[in-house]
Amino acid sequence: MVTDIPVRPEGDVVVVAPEGELDAVTSPGLADALDELLAAEPPWRGIVIDLSRVGFCDSRCIGVLVSAYRQARDQGVGLAVAAPQRSVLRLFVIAGIDQVLRIEEDTGHAVETVLA
């Protein structure tokens, strides 16, 4: 699946910035983008998923994020989520994902976190 999710490098880290809603229809595009970045040679030192422009996230999105986290961890690549909107953050807390994923208030902090 071809995706038009914005991706921008910041040194050894890449920032993925989806927009809109991440649900059963759109989450596969995020999964494809993350899979492609995790397969890059040489690998990125870190991946930040900027959710500041995502207003809705469902269980499929959570599954994509957890899967990417596990793959990144197994490859020694840092992964963090940045700037989730209040409703998305609330879902992460309810689902307990905030105990698994690193969630930072902005992309700058997230970039620092994945490089630490």
Side-chain angles (χ1 to χ4, degrees):
M1 175 182 289
V2 175
T3 180
D4 59 356
I5 296 174
V7 175
R8 70 180 185 276
E10 291 195 16
D12 292 339
V13 176
V14 64
V15 177
V16 181
E19 298 179 13
E21 297 184 351
L22 289 173
D23 55 22
V25 174
T26 57
S27 289
L30 177 61
D32 289 345
L34 293 171
D35 286 345
E36 185 176 316
L37 292 169
L38 287 163
E41 287 294 331
W44 294 96
R45 284 188 55 209
I47 297 174
V48 171
I49 305 159
D50 177 0
L51 296 181
S52 63
R53 294 182 180 213
V54 173
F56 175 80
C57 176
D58 70 4
S59 61
R60 178 67 188 256
C61 169
I62 289 174
V64 167
L65 295 175
V66 170
S67 177
Y69 164 77
R70 288 180 179 152
Q71 188 178 355
R73 179 196 62 205
D74 292 348
Q75 295 177 5
V77 174
L79 186 136
V81 171
Q85 292 186 18
R86 186 176 183 167
S87 60
V88 173
L89 179 60
R90 184 169 187 260
L91 174 64
F92 289 172
V93 170
I94 290 169
I97 300 308
D98 63 322
Q99 301 300 309
V100 177
L101 296 174
R102 290 183 251 178
I103 301 174
E104 298 293 336
E105 63 186 47
D106 59 51
T107 56
H109 284 104
V111 167
E112 290 174 8
T113 296
V114 298
L115 291 175

Checklist entry - Looking only at heavy atoms, what is the nearest atom pair of Gln71 and Asp35, with distance? => result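 Between these two residues, the closest heavy atoms are OE1-OD1, 3.5 Å.
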
Checklist entry - Shortest non-hydrogen contact from Pro18 to Ile49? => result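 What the structure gives for the nearest pair is CD-CG2, 4.4 Å.
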
How long is the straight-line distance from [atom2] of [Y] back to [atom1] of [X], given to the nearest 0.5 Å?
{"X": "Ile5", "Y": "Glu36", "atom1": "CD1", "atom2": "CD", "value": "11.0 Å"}
{"X": "Glu112", "Y": "Asp106", "atom1": "CD", "atom2": "CG", "value": "8.5 Å"}
{"X": "Leu101", "Y": "Arg73", "atom1": "CG", "atom2": "CZ", "value": "11.0 Å"}
{"X": "Thr113", "Y": "Arg102", "atom1": "OG1", "atom2": "CZ", "value": "6.5 Å"}
{"X": "Glu19", "Y": "Asp4", "atom1": "CD", "atom2": "CG", "value": "9.0 Å"}
{"X": "Ser67", "Y": "Ile62", "atom1": "OG", "atom2": "CD1", "value": "13.5 Å"}

Checklist entry - With a 4.5 Å heavy-atom cut-off, do Leu51 and Cys57 have their side chains touching? => result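 Result no, sub-4.5 Å side-chain heavy-atom pair not found.
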
Checklist entry - Do you know which of Ile97, Leu30, Leu79 makes side-chain contact (heavy atoms from CB on, under 4.5 Å) with Leu65? => result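 Output: one option passes, namely Leu30.
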
So, does [X] use its side chain to make a donor-acceptor pair with the main chain of [Y] at under 3.5 Å?
{"X": "Thr107", "Y": "Asp50", "result": "no"}
{"X": "Gln85", "Y": "Ser52", "result": "yes"}
{"X": "Asp58", "Y": "Cys61", "result": "yes"}

Are [X] and [Y] in one and the same hydrophobic cluster, where Ile, Leu, Val, Met, Phe, Trp and Tyr link if side-chain heavy atoms are under 4.5 Å apart?
{"X": "Val64", "Y": "Ile47", "value": "yes"}
{"X": "Leu34", "Y": "Val88", "value": "yes"}
{"X": "Val15", "Y": "Trp44", "value": "no"}
{"X": "Val81", "Y": "Val13", "value": "no"}
{"X": "Tyr69", "Y": "Val111", "value": "no"}

Item to check | Fellow cluster residues of Phe56, listed by chain then number, with links counted only when side-chain atoms sit under 4.5 Å apart | outcome: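 In the cluster with Phe56 there is nothing else; it is isolated.
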
Next on the checklist: Just checking Arg53: does its CZ atom have more than 12 heavy atoms from other residues, nucleotides or ligands closer to it than 6.0 angstrom?
Outcome noted: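 No - once you tally the heavy atoms of other residues, nucleotides and ligands closer than 6.0 Å, there are 12 at most.
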
Next on the checklist: Tell me if the CZ atom of Arg8 is crowded by more than 12 foreign heavy atoms within 6.0 Å.
Outcome noted: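 More than 12 heavy atoms, drawn from other residues, nucleotides or ligands, come within 6.0 Å of this atom.
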
Next on the checklist: Please evaluate residues Val114 and Arg45 with respect to the criterion side chain to side chain contact (heavy atoms under 4.5 Å, CB included), reporting the C-alpha separation (whole Å), side-chain torsions for both, the decisive distance (0.1 Å), and the verdict.
Outcome noted: CA-CA 7 Å; Val114 298; Arg45 284 188 55 209; over 6 Å; no

